[in-house]
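Input: a single structure, listed below in structure tokens.
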Amino acid sequence: MQFKVLLTDHEFKHLAYEEEVFEEAGVTINFVKAQCKTEEEVIEHAKDADAILNQYAPVSRRVIESLEKCKIISRYGVGVNTIDIEAAKKKDIVVANVPDYGMEEVSNHALALILSWARKVTLLNNEVKKGNWDFKLGVPIHRFDNQTVGVLGFGRIPRCLMDKVKPLGFKLAAYDPFVPAEEMEKAGVRKMELEEIIEKADYISIHVPLIKDTFHLINKERLNKMKPNAVIINTARGPIVDEAALAEALAEGTIAGAALDVTEEEPISLSSPLLGMDNVLITPHSAWYSEEAMVELRRKAALNIVQVLTGEKTPYALT
């Protein structure tokens with residue numbers, strides 16, 4: 001039996017890792033590659049597909065309702081905001097992601113952003129390159145044990161981050177309504193409610209998924225409640241932070257800084273006021289990346305499809 005697998009879109013130089021997984025599967029797979037950007041383009045290519053491999057193209061309700069025999073939609077990455085999960089459920093289509101491929105990378109990146117801010121590394125580097133050899137340009141810098149790193153969300157990545165932050169001496173706190181305080185305590189982390197962590201943390205690292213309830217979770221009201229020395233770190237999804245409110249808070253000195261690997265619009269608009277601010281660090285959605293993580297991501301995303309098409313269960317199924 002032959003299966004049609006549609007790759008909706010991708011930004012890779014080659015597809016050897018995916019093709020290798022399909023070749024190892026022991027079934028015949030017609031691997032169709034597209035570069036869809038719109039719903040209409042996905043509908044055109046996906047109508048008769050048995051499986052969909054997705055990166056950024058929209059797999060919306062309209063797309064899913066047009067599918068005739070699709071059994072699985074597998075996404076490169078952790079987030080599945082490109083896919084209408086409820087629509088997939090109604091059609092008994094498995095939606096799967098790869099939640100564990102970049103834990104080390106994202107937690108390392110978040111840690112790097114925290115440490116860069118805690119020691120003003122990027123700021124002082126930029127000043128030296130301007131000819132300003134003066135440590136006072138980084139004032140104030142505080143000892144780690146006088147500061148609290150708080151995480152929003154306590155899943156795989158923030159737990160990994162906390163394990164790395166703990167030996168440095170920071171106080172640790174987490175907000176996650178789905179994780180009991182006892183479980184956090186075992187990891188040496190104090191459980192806080194959202195408003196408490198907003199008011200008390202010196203560094204707030206975001207690790208929640210982008211859903212309706214987390215859209216603009218960090219908004220003007222919450223920014224106004226933060227400590228004036230607080231720094232926002234976001235390696236999750238851009239729209240969790242209201243960037244207009246963030247820019248205003250940074251300009252007015254309501255909070256001290258921000259370190260963003262993700263933005264509301266990607267790539268970030270060159271007209272964004274954040275790009276002109278010395279108290280903002282921005283990286284191009286690169287926290288997930290290492291050569292090893294990329295291979296793991298691509299093989300596991302393809303393996304999700306193979307498992308479902310051959311009658312197995314994928315451990316990464318969300319529906």
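Please read all numbers here as calculations on a predicted model, not as lab measurements.
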Give a yes or no on this: more than 12 heavy atoms of other residues, nucleotides or ligands lie within 6.0 Å of atom CD of E193.
no

Under a plain distance cut-off of 3.5 Å, with no hydrogens placed, do K300 and Y316 share a side-chain donor-acceptor pair?
yes

Yes or no on side-chain contact (heavy atoms from CB on, under 4.5 Å) for L250 and I255, after CA distance, side-chain angles and deciding distance?
CA-CA 6 Å; L250 290 165; I255 65 170; 3.8 Å; yes

Y17 OH to E19 CD distance, which is reported to the nearest 0.5 Å:
12.0 Å

For the pair E86 and K90, find out whether any cationic side-chain nitrogen is under 4.0 Å from an anionic carboxylate oxygen.
no

Cluster link V78 to V80, ILVMFWY, side chain under 4.5 Å:
no

For residues L161 and S107, report the shortest heavy-atom separation together with the two atoms involved.
CD1-O, 3.5 Å

Check K47 with E68, please: is the shortest side-chain N to carboxylate O separation under 4.0 Å?
yes

Main-chain N/O of D134 paired to N132 side chain as donor or acceptor, under 3.5 Å
no

Could you measure the distance from the CD1 atom of I141 to the CG atom of N229? Nearest 0.5 Å is fine.
13.0 Å

Does any part of the side chain of M294, heavy atoms only, come nearer than 4.5 Å to the side chain of Y101, both counted from C-beta?
no

One thing to verify: whether D100 and R156 come together as a salt bridge, which I'm taking to mean a side-chain N less than 4.0 angstrom from a carboxylate O.
no

Are K4 and D48 packed together at the side-chain level, in the sense that at least one heavy-atom pair is separated by less than 4.5 angstrom?
yes

Check the pair I29, D50 against side-chain contact (heavy atoms from CB on, under 4.5 Å), reporting the backbone distance first and the verdict last.
CA-CA 10 Å; I29 290 180; D50 295 286; over 6 Å; no

Is a side-chain donor or acceptor of Q55 paired with a backbone partner of E11 at a separation under 3.5 angstrom?
yes

R298 and H10, any side-chain heavy atoms less than 4.5 Å apart:
no

Roughly how far, to the nearest 0.5 Å, is the CH2 atom of W117 from the CG atom of N279?
5.0 Å

So do I240 and L152 actually touch side chain to side chain, heavy atoms under 4.5 Å?
no

Closest heavy-atom pair and its distance - P239, L210
CG-CD2, 3.8 Å

Does N224 use its side chain to pair, donor to acceptor, with the backbone of T254 at less than 3.5 Å?
no

State whether the side chain of T319 and the backbone N or O of I93 hold a donor-acceptor pair below 3.5 Å, judged by distance alone.
yes

Can you measure from CD1 (I85) to CD1 (I64) and round to the nearest 0.5 angstrom?
9.0 Å

Looking only at non-hydrogen atoms, find the nearest pair between V42 and P58 and report the distance.
CG2-O, 3.6 Å

With rounding to the nearest 0.5 Å, note down the distance linking CD in E199 to CG in L194.
9.5 Å

Assess, by modelled atom type and distance only, whether the side chains of E264 and H216 contain a donor and an acceptor separated by less than 3.5 Å.
yes

Could you tell me whether D145 and R143 make a salt bridge, using a distance below 4.0 angstrom between a side-chain N and a carboxylate O?
no

Under 3.5 Å, is there a donor-acceptor pair between the side chain of S272 and the main chain of S269?
no

Is it true that R237 and E266 have a side-chain N and a carboxylate O under 4.0 angstrom from each other?
no

Parallel, tilted or perpendicular: which describes the rings of F170 and F144, with under 30° parallel and over 60° perpendicular?
parallel

Is there side-chain contact between C36 and E44, with heavy atoms separated by less than 4.5 Å?
no

Testing H109, E296, E105 for side-chain hydrogen bond (donor to acceptor under 3.5 Å, both in side chains) with S290, which one passes?
E105

Tell me if a side-chain donor or acceptor on K91 pairs with a main-chain N or O of L67 at a distance below 3.5 Å.
yes

Starting from the C-alpha separation in whole Å, work towards a yes-or-no answer on side-chain contact (heavy atoms from CB on, under 4.5 Å) for T235 and H207.
CA-CA 7 Å; T235 55; H207 301 280; 3.4 Å; yes

Check E18 with K33, please: is the shortest side-chain N to carboxylate O separation under 4.0 Å?
no

Membership question, hydrophobic clusters at under 4.5 Å side-chain separation (ILVMFWY): are L281 and V165 in the same one?
yes

If you compare all heavy atoms of R222 against all heavy atoms of E195, which two are closest, and at what distance to 0.1 Å?
NE-OE2, 2.9 Å

Please check if the side chain of D261 supplies one atom and the backbone of H285 the other of a donor-acceptor pair under 3.5 Å.
yes

Among the clusters formed by ILVMFWY side chains lying less than 4.5 Å apart, do M184 and I197 turn up in the same one?
no

Is I282 reachable from I233 through a run of hydrophobic residues whose side-chain heavy atoms are each under 4.5 Å from the next?
no

For the side chain of E39 and the backbone of S60, is there at least one donor-acceptor N/O pair under 3.5 Å apart?
no

Filter on side chain to side chain donor-acceptor pair (under 3.5 Å), then keep only pairs touching residues 168-188, sequence neighbours left out; what's left?
R159-E183

Rounded to the nearest 0.5 Å, the CD1 atom of I72 sits from the CG atom of L53 at a distance of 9.5 Å

Between E41 and K37, does at least one N-O distance fall below 4.0 Å, as a salt bridge requires?
no

Do M226 and L172 share a hydrophobic cluster (ILVMFWY, side-chain heavy atoms under 4.5 Å, transitive)?
no

Just wondering, do Y76 and L7 contact through their side chains at under 4.5 Å, heavy atoms?
yes

Please determine whether a side-chain nitrogen of the Lys or Arg among K120 and E127 lies less than 4.0 Å from a carboxylate oxygen of the Asp or Glu.
no

Using side-chain heavy atoms (C-beta onward) and a distance below 4.5 Å, is Y56 in contact with R75?
yes

Mind checking whether L246 and I218 have side chains closer than 4.5 Å, heavy atoms only?
no

The side chain to side chain contact (heavy atoms under 4.5 Å, CB included) partners of A187 (sequence neighbours excluded) come to F154, V189

Could you walk me through whether E243 and E265 pass side-chain contact (heavy atoms from CB on, under 4.5 Å), step by step?
CA-CA 10 Å; E243 282 182 14; E265 178 186 350; over 6 Å; no

Verify the distance criterion only: is there a donor paired with an acceptor across the side chains of N54 and T8 at less than 3.5 Å?
yes

Looking only at heavy atoms, what is the nearest atom pair of C70 and A51, with distance?
SG-CA, 4.1 Å

Give the minimum heavy-atom separation between I305 and S74, together with the two atoms involved.
CG1-CB, 3.8 Å

